[in-house]
Amino acid sequence: MSELLKQPRVMHKLQEEVRSVVGKRSHVTEDDLGEMKYLKAVIKESLRFHPPIPLIVPRRCMEDIKVKGYDIGAGTQVLVNAWAIGRDSSCWDQPLVFKPERFLSSSIDFKGHDFELIPFGAGRRGCPGVALATSIVELVIANLVHQFDWSLPGGASGEDLDMSEAAGLAVHRKSPLLAVATAYQRN
Amino acid sequence: MLFFTVFLLCLSLVLIIIKLYSNEATTKISPPSPPRLPLLGNLHQLGSFPHRTLQTLAQNYGPLMLLHFGTVPVLVVSSADAAREVMKTHDLVFSDRPNRTMNDVLLYGSKDLASSTYGEYWRQIKSVSVLHLLSTKRVQSFRFVREEETARMMENIRQCCRDSLPVNLTDTCAAVTNDVACRVALGRRYRGREGRGFQKLLLEFGELLGAVCIGDYVPWLHWVGQVSGLFQRANRVAKHLDQFIDEVIEEHVRNGRDGGVDVDSEEQNDFVDVLLSMEKNRVNTTHSLIDRTAIKALILVSKNTIVFFFFFFFFFFFMFFFFFFFFFFFFLFFFFFFFFFFMEWIFYPLVTSVLFCSGHVCCGY
């Protein structure tokens with residue numbers, strides 16, 4: 001939501017899509033979500049740019065092994081920096097720009113098969129609850145942008161929004177996100 | 001003395017040569033590493049946002065670099081290609097989880113799916129979770145919960161609109177996620193008066209779970225957690241959470257929902273329903289999380305471990321000082337003894353008087 005408030009262009013495009021899919025109904029249901037390609041792209045882009053757990057939960061090596069020509073001893077811990085991979089310029093075009101469009105023409109997903117985008121890890125130790133997590137996020141975001149128009153308090157523009165992170169198990173906003181909602185009137 | 005010193009020097013030289021030769025015989029290529037401090041390794045370099053620091057380090061040392069957090073070697077992976085090697089090509093070898101004190105205290109001795117070490121127990125709980133708790137069918141069965149909670153959230157925002165108040169999106173989004181999670185896992189929302197304590201407990205739980213215990217990386221600094229009060233806090237939170245989970249289970253049992261449900265049905269059963277019924281039907285649940293006696297035992301064990309470490313530390317601390325002083329005086333004594341032994345023909349009158357005065361007469365003189 002922070003990125004959507006920062007970038008009115010993306011917000012309008014998302015609202016257009018959600019409102020055209022839902023039509024005259026008062027709220028978004030889960031059946032509608034399948035048709036919302038841009039919504040899915042926005043969520044992927046958010047997870048690329050701001051993975052909630054930037055250093056994936058550490059793994060441990062069980063035996064001596066050779067990885068890419070290097071010897072790794074048993075007992076070595078492994079930290080995968082999903083945050084750095086999501087911002088790696090060799091995988092992504094303009095990695096520091098929030099641009100959901102990049103996912104419209106690509107099949108990259110966060111389910112653990114495309115290693116450019118691994119907010120939930122991958123393999124045996126990958127997060128098994130991805131489906132449960134995304135189902136609620138998609139529904140909430142779609143309803144938020146469908147039923148309301150959003151702006152920042154005091155008429156502040158998107159560039160002023162403080163995006164600093166607070167450290168912890170999951171990285172989150174340092175200051176809470178306050179926004180003014182206006183109920184959307186269907187014509 | 002001179003002979004002894006020369007002997008020691010020769011011995012260390014031989015040892016160094018042997019070590020050098022053995023290294024040459026089995027050449028190991030380690031990933032590039034930034035320079036490190038003797039005891040802390042690279043710990044001092046991490047800062048508040050390790051993902052940012054590690055990204056900067058990786059730009060200098062490459063996508064696979066070896067750091068040392070205290071005594072623990074840590075491989076940092078910072079490219080998609082290297083991540084594929086670790087999580088796909090060698091997935092099995094890298095399937096273990098490191099031990100963390102906080103997980104042991106807060107998660108019943110690391111008995112949950114995320115932090116449990118690789119082995120038969122982990123395979124069992126993983127299959128239970130994937131097949132019965134997080135399956136597509138189960139996720140779909142909670143559709144009604146998600147839609148109801150989202151509608152409730154929208155109504156709250158509408159109220160803010162009417163009162164012309166800004167919406168705290170951070171809090172409202174956290175609340176809806178939390179309510180859905182509670183209903184899915186525990187069967188109902190925990191809000192209002194009874195919920196407030198639980199929400200606070202969950203926040204503290206999250207914070208403690210993310211807390212780094214220095215003793216995990218520098219074992220001899222394990223006491224820091226005890227002195228800073230971190231372990232006591234974690235134990236308190238673990239105890240309260242355990243009581244809370246007990247109450248939730250009791251409620252399910254009282255309502256007669258234990259064991260009566262079909263674990264594979266599409267009916268909307270919460271996680272506690274499913275696990276209780278699996279416990280009753282003994283499907284795959286030899287070590288299941290929901291075995292309350294095991295939970296109690298595990299908590300007790302983990303607590304005892306901490307107390308044990310505490311005593312262990314102080315024991316070694318005092319033993320260390322005791323032996324240190326003991327050897328120090330022992331060494332001092334022998335030094336003077338040999339010194340006077342070889343020199344007595346020169347300093348004979350002095351030796352006898354000194355030895356007499358210092359009471360060493362009984363040791364041979």
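The sequence lines fix the lettering, A, B, ..., with proteins before strands; numbering per chain opens at 1. Because the structure is a prediction, the values reported are computed rather than measured.
Contact annotation for B:Val130: only side-chain heavy atoms (C-beta onward) come within less than 4.5 Å of a heavy atom of chain A. Residue B:Leu67 does not touch chain A at all, counting heavy-atom pairs closer than 4.5 Å. No part of A:Ser151 comes within reach of chain B, as not one of its non-hydrogen atoms sits under 4.5 angstrom from that chain. B:Val76 touches chain A through backbone and side chain together, each having a heavy atom under 4.5 Å away. Heavy atoms of B:Asn103 lying under 4.5 Å from chain A are absent altogether. Neither the backbone nor the side chain of B:Ala58 comes within contact range of chain A; no heavy atoms are under 4.5 Å apart. Only the side chain of A:Asp64 comes within contact range of chain B, with at least one heavy atom under 4.5 Å from a heavy atom of that chain. Of the two parts of B:Met154, the backbone and the side chain both hold a non-hydrogen atom closer than 4.5 Å to a non-hydrogen atom of chain A. Contact annotation for B:Arg52: both backbone and side-chain heavy atoms come within less than 4.5 Å of a heavy atom of chain A. Only the side chain of B:Glu85 comes within less than 4.5 Å of a heavy atom of chain A; its backbone N, CA, C and O stay farther away.
Of the listed residues (B:Asn168, B:Thr89, B:Asp91), the one with the most heavy-atom contacts under 4.5 Å to chain A is B:Asp91. The residue among B:Gln59, B:Lys88, B:His90 with the most heavy atom pairs within less than 4.5 Å of chain A is B:His90. Interface summary for chain B: among A:Pro58, A:Gly112, A:Ala183, A:Ala131, the most heavy-atom pairs under 4.5 angstrom belong to A:Pro58. Comparing B:Val77, B:Val184, B:Asp96 by heavy-atom pairs within less than 4.5 Å of chain A, the highest count is held by B:Asp96. Chain B forms more heavy-atom pairs under 4.5 Å with one residue of A:Val180, A:Leu117, A:Leu144 than with any other, namely A:Leu144. Note on A:Gly123, A:Ala179, A:Cys127, A:Ala122: by heavy-atom pairs under 4.5 Å with chain B, the leading option is A:Ala179. Of the residues considered (A:Arg124, A:Glu63, A:Glu116), A:Arg124 shows the highest number of contacts with chain B, using heavy-atom pairs under 4.5 Å.
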What do the steps show when you test B:Asp81 against A:Lys68 for side chain to side chain contact (heavy atoms under 4.5 Å, CB included), and what is the final call?
CA-CA 10 Å; B:Asp81 202 26; A:Lys68 286 182 146 285; 3.0 Å; yes
Apply side chain to side chain contact (heavy atoms under 4.5 Å, CB included) to the pair B:Thr170 and A:Leu178, showing each step before the final yes or no.
CA-CA 8 Å; B:Thr170 307; A:Leu178 295 178; over 6 Å; no
Steps toward side chain to side chain contact (heavy atoms under 4.5 Å, CB included) verdict (B:Asn99, A:Arg60)
CA-CA 9 Å; B:Asn99 299 323; A:Arg60 186 166 61 183; 4.0 Å; yes
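For A:Lys66, the NZ atom is densely surrounded, since the number of other residues' heavy atoms within 6.0 Å is greater than 12. Atom NZ of A:Lys40 has more than 12 neighbouring heavy atoms from other residues, nucleotides or ligands inside a 6.0 Å radius. For B:Arg36, the CZ atom counts as loosely surrounded, since its 6.0 Å shell holds 12 or fewer non-hydrogen atoms of other residues, nucleotides or ligands.
Under the side chain to side chain contact (heavy atoms under 4.5 Å, CB included) test applied with A:Leu132, the options B:Val180, B:Thr136, B:Leu134 reduce to a single match, B:Leu134.
Atom-to-atom distance recorded for B:Cys161:SG and A:Phe148:CZ is 5.0 Å, nearest 0.5 angstrom. The distance from atom CD1 of A:Ile72 to atom CZ of B:Phe94, rounded to the nearest 0.5 Å, is 6.0 Å. The distance from atom CG of A:Leu139 to atom CZ of B:Arg146, rounded to the nearest 0.5 Å, is 7.5 Å. From A:Ile136, atom CD1 reaches atom OG1 of B:Thr177 across 6.5 Å, with rounding to the nearest 0.5 Å. Between atom CD of residue A:Glu30 and atom OG1 of residue B:Thr150 there is a gap of 8.0 Å, rounded to the nearest 0.5 Å. With values rounded to the nearest 0.5 angstrom, B:Cys173 atom SG is found 8.0 Å from A:Leu177 atom CG.
Between A:Val57 and B:Arg97, the closest heavy-atom pair is O-NH1, 3.3 Å. Contact record, B:Ser95 with A:Arg125: O-NE, 2.9 Å, taken as the closest heavy-atom pair. B:Pro98 and A:Gln77 get closest at one heavy-atom pair: CB-NE2, 3.2 Å. Heavy-atom minimum distance, A:Ser135 versus B:Val139: OG-CG1, 4.2 Å.
Considering only heavy atoms from C-beta on, B:Val74 stays 4.5 Å or farther from A:Val78 through its side chain. No side-chain heavy atom of B:Leu75 sits under 4.5 Å from any side-chain heavy atom of A:Cys61. Inter-residue side-chain proximity for B:Tyr118 and A:Arg59 is flagged as unmet; no heavy-atom pair is nearer than 4.5 Å. Put simply, the side chain of B:Val167 reaches to within 4.5 Å of the side chain of A:Trp150, judged on heavy atoms. For the pair B:Arg143/A:Asp31, a side-chain contact is recorded, criterion being any heavy-atom separation below 4.5 Å from C-beta on. When side chains are defined from C-beta on, A:His27 does not count as touching B:Glu147, because their heavy atoms never get closer than 4.5 Å.
Inspection of non-hydrogen atoms places A:Val80, A:Asn81, A:Trp83, A:Ala84, A:Ile85, A:Arg87, A:Asp88, A:Cys91 of residues 80-105 of chain A under 4.5 Å from chain B.
A donor-acceptor pair under 3.5 Å links the side-chain atoms of A:Asp71 to the main chain of B:Ile29, judged by distance alone.
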